Amino acid sequence: MKLGFIGTGNMAGAIMGGVIKSGLFKPEEIIGADLLEAGREKVKTLYGIHVTADNKEVVEKAETIILSVKPQFYESVIAEIKDVVKPEQIVITIAPGKTLEWLAKQFGKDVKLVRTMPNTPAMVGEGMTAACRNEFVTDEELEGAKKILSAFGKVEVVSEHLMDVVVSVSGSSPAYVFMFIEAMADAAVADGMPRAQAYQFAAQAVLGSAKMVLETGKHPGELKDMVCSPGGTTIEAVRVLEEKGLRSAVIEAMKACTDIAKKM
Ligand SMILES: NC(=O)C1=CN([C@@H]2O[C@H](COP(=O)(O)OP(=O)(O)OC[C@H]3O[C@@H](n4cnc5c(N)ncnc54)[C@H](OP(=O)(O)O)[C@@H]3O)[C@@H](O)[C@H]2O)C=CC1
Ligand SMILES: O=C(O)[C@@H]1CCC=N1
């Protein structure tokens, strides 16, 4: 088995979907463990992977392990698997707040650790993942981990002190973007557009705008100005968004998100 997941919830499912869709791994090369039968059956049906109720079986069978349980379960799961983790295995973590130092202390032995923060757009191959490693991971092994992470989107190696910021700017931010899309669609529905059509229009506008930022290299403010015709419709919307505090709401929400990540 090439890849093993402990915890087969939302984020693990998004990664499974991404790596299988990319062709990097076949479903039969992936194994996942979860507490409940329902959780295991869901990923077995959706992705065709092997499943087990035994976390240790995942560690015994897979080359690379992704710890995909909630942060509050990291301590107990590591205590359960630490004796079966082999020196050559790479353990990838995806939990906010769990530092390399804290993780190493839980394992209590030399383990190759790659700390990451992915996001659910991994499911459609458009993830954004940040990664950092501990001293036992060689350059070649880091490249191997990056190959897995880039199978479902972009990956960037960052200094560990940035990992809490990454949580708010890309780990959690899909949720704010979905809220924005939902709100835009609600407004369009209020003005008479059928809901399904409203989601298409709003989501495609967000997708295209994000592509413009990534592909033109222009400042987002300049791209915004290009939409605002003098005396036109857009500047009126911009005026109201400023009055209602959109920018400040986003900044304050992200500060709260980063602060929580630091405390986890
Ligand atoms: N969702 C996201 O967008 C992102 C999540 N993450 C991180 O990914 C991790 C998982 O989050 P997410 O997928 O959202 O959470 P989920 O609750 O969807 O998935 C976690 C899964 O782990 C199972 N689980 C709990 N305890 C154990 C255990 N002891 N052994 C095996 N499986 C167990 C849970 O089962 P049960 O439901 O029965 O408890 C659940 O199916 C977290 O650390 C989160 O911070 C990182 C980036 C983005
Ligand atoms: O909400 C959470 O805690 C996780 C981490 C980043 C996205 N979801």
Side-chain angles (χ1 to χ4, degrees), residues 3-19 30-47 49-62 65-82 84-85 91-100 102-103 106 113-132 148-149 152-156 158 162-179 253-264:
L3 193 59
F5 293 84
I6 297 185
T8 61
N10 290 317
M11 194 57 237
I15 296 176
M16 287 170 202
V19 291
I30 300 174
I31 182 166
D34 208 281
L35 286 179
L36 296 182
E37 167 105 45
R40 296 193 293 274
E41 279 309 306
K42 189 175 167 194
V43 288
K44 191 178 171 187
T45 308
L46 273 175
Y47 305 112
I49 66 158
H50 295 279
V51 291
T52 172
D54 181 1
N55 291 338
K56 283 187 191 156
E57 189 185 339
V58 170
V59 179
E60 280 157 3
K61 289 190 172 162
I65 317 297
I66 303 189
L67 289 188
S68 37
V69 294
K70 293 180 206 65
Q72 58 268 37
F73 299 130
Y74 260 59
E75 193 173 339
S76 59
V77 165
I78 293 173
E80 190 186 339
I81 63 167
K82 64 181 182 185
V84 281
V85 171
V91 177
I92 296 178
T93 72
I94 63 172
K98 300 300 182 207
T99 63
L100 291 169
W102 182 90
L103 292 160
Q106 306 306 307
L113 295 166
V114 177
R115 178 183 174 192
T116 75
M117 179 44 54
N119 65 7
T120 53
M123 191 186 283
V124 292
E126 291 293 348
M128 180 71 233
T129 305
C132 58
I148 296 173
L149 302 169
F152 50 85
K154 292 189 175 153
V155 53
E156 237 178 83
V158 302
L162 288 176
M163 290 303 277
D164 299 319
V165 183
V166 169
V167 176
S168 59
V169 77
S170 58
S172 295
S173 64
Y176 338 142
V177 175
F178 296 135
M179 287 170 74
M254 286 183 54
K255 279 195 85 60
C257 183
T258 304
D259 286 349
I260 289 284
K262 280 183 186 153
K263 289 179 194 145
M264 277 179 159

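One-based numbering, in listed order, for ligands and for the atoms of each. Just so you know, these numbers come straight off a predicted model, no measurement behind them.
- Val124 pairs by the side-chain contact (heavy atoms from CB on, under 4.5 Å) definition with Glu126, not counting sequence neighbours.
- Without hydrogens or angle criteria, Tyr74 side chain to Val69 main chain gives no donor-acceptor distance under 3.5 Å.
- Shown here are the side-chain contact (heavy atoms from CB on, under 4.5 Å) partners of Lys154, two or more places apart in sequence or in another chain: Met128, Leu214.
- The two residues Cys257 and Tyr176 come nearest to each other via the heavy atoms SG-OH, 3.8 Å.
- A donor-acceptor pair shorter than 3.5 Å cannot be found between the side chains of Thr116 and Thr129.
- Not a single donor-acceptor pair under 3.5 Å links the side chain of Asp34 to the backbone N or O of Gly7.
- Within a 4.0 Å radius of atom 7 (C) of ligand 2, the protein has at least one heavy atom.
- For atom 2 (C) of ligand 2, the closest non-hydrogen atom on the protein side is Ser172 OG, 4.8 Å.
- Atom numbering of ligand 2 starts at 1 in the shown order; those under 4.0 Å from a heavy atom of Gly171 are 6 (C), 7 (C).
- Of all the heavy atoms in Ala131 and Val155, the pair that sits closest is CB-CG2, 4.5 Å.
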Give every pair formed by an N or O atom of ligand 1 and a protein N or O atom closer than 3.5 Å, one pair per line with both atom names and the distance to 0.1 Å, or write none.
residue	atom	partner	partner atom	Å
ligand 1	13 (O)	Asn10	N	3.1
ligand 1	13 (O)	Met11	N	2.8
ligand 1	17 (O)	Lys70	NZ	2.8
ligand 1	18 (O)	Asn10	N	2.9
ligand 1	18 (O)	Asn10	ND2	3.4
ligand 1	30 (N)	Asn55	ND2	3.0
ligand 1	35 (O)	Asp34	OD1	3.2
ligand 1	41 (O)	Asp34	OD1	3.2
ligand 1	41 (O)	Asp34	OD2	2.7
ligand 1	43 (O)	Val69	O	2.7

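- Protein heavy atom closest to atom 5 (C) of ligand 2, with residue, atom name and distance, is Pro96 CG, 4.0 Å.
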Pair up each side-chain donor or acceptor in residues 91-99 with any protein partner under 3.5 Å, not counting sequence neighbours, and list the distances.
residue	atom	partner	partner atom	Å
Thr99	OG1	Trp102	N	3.0

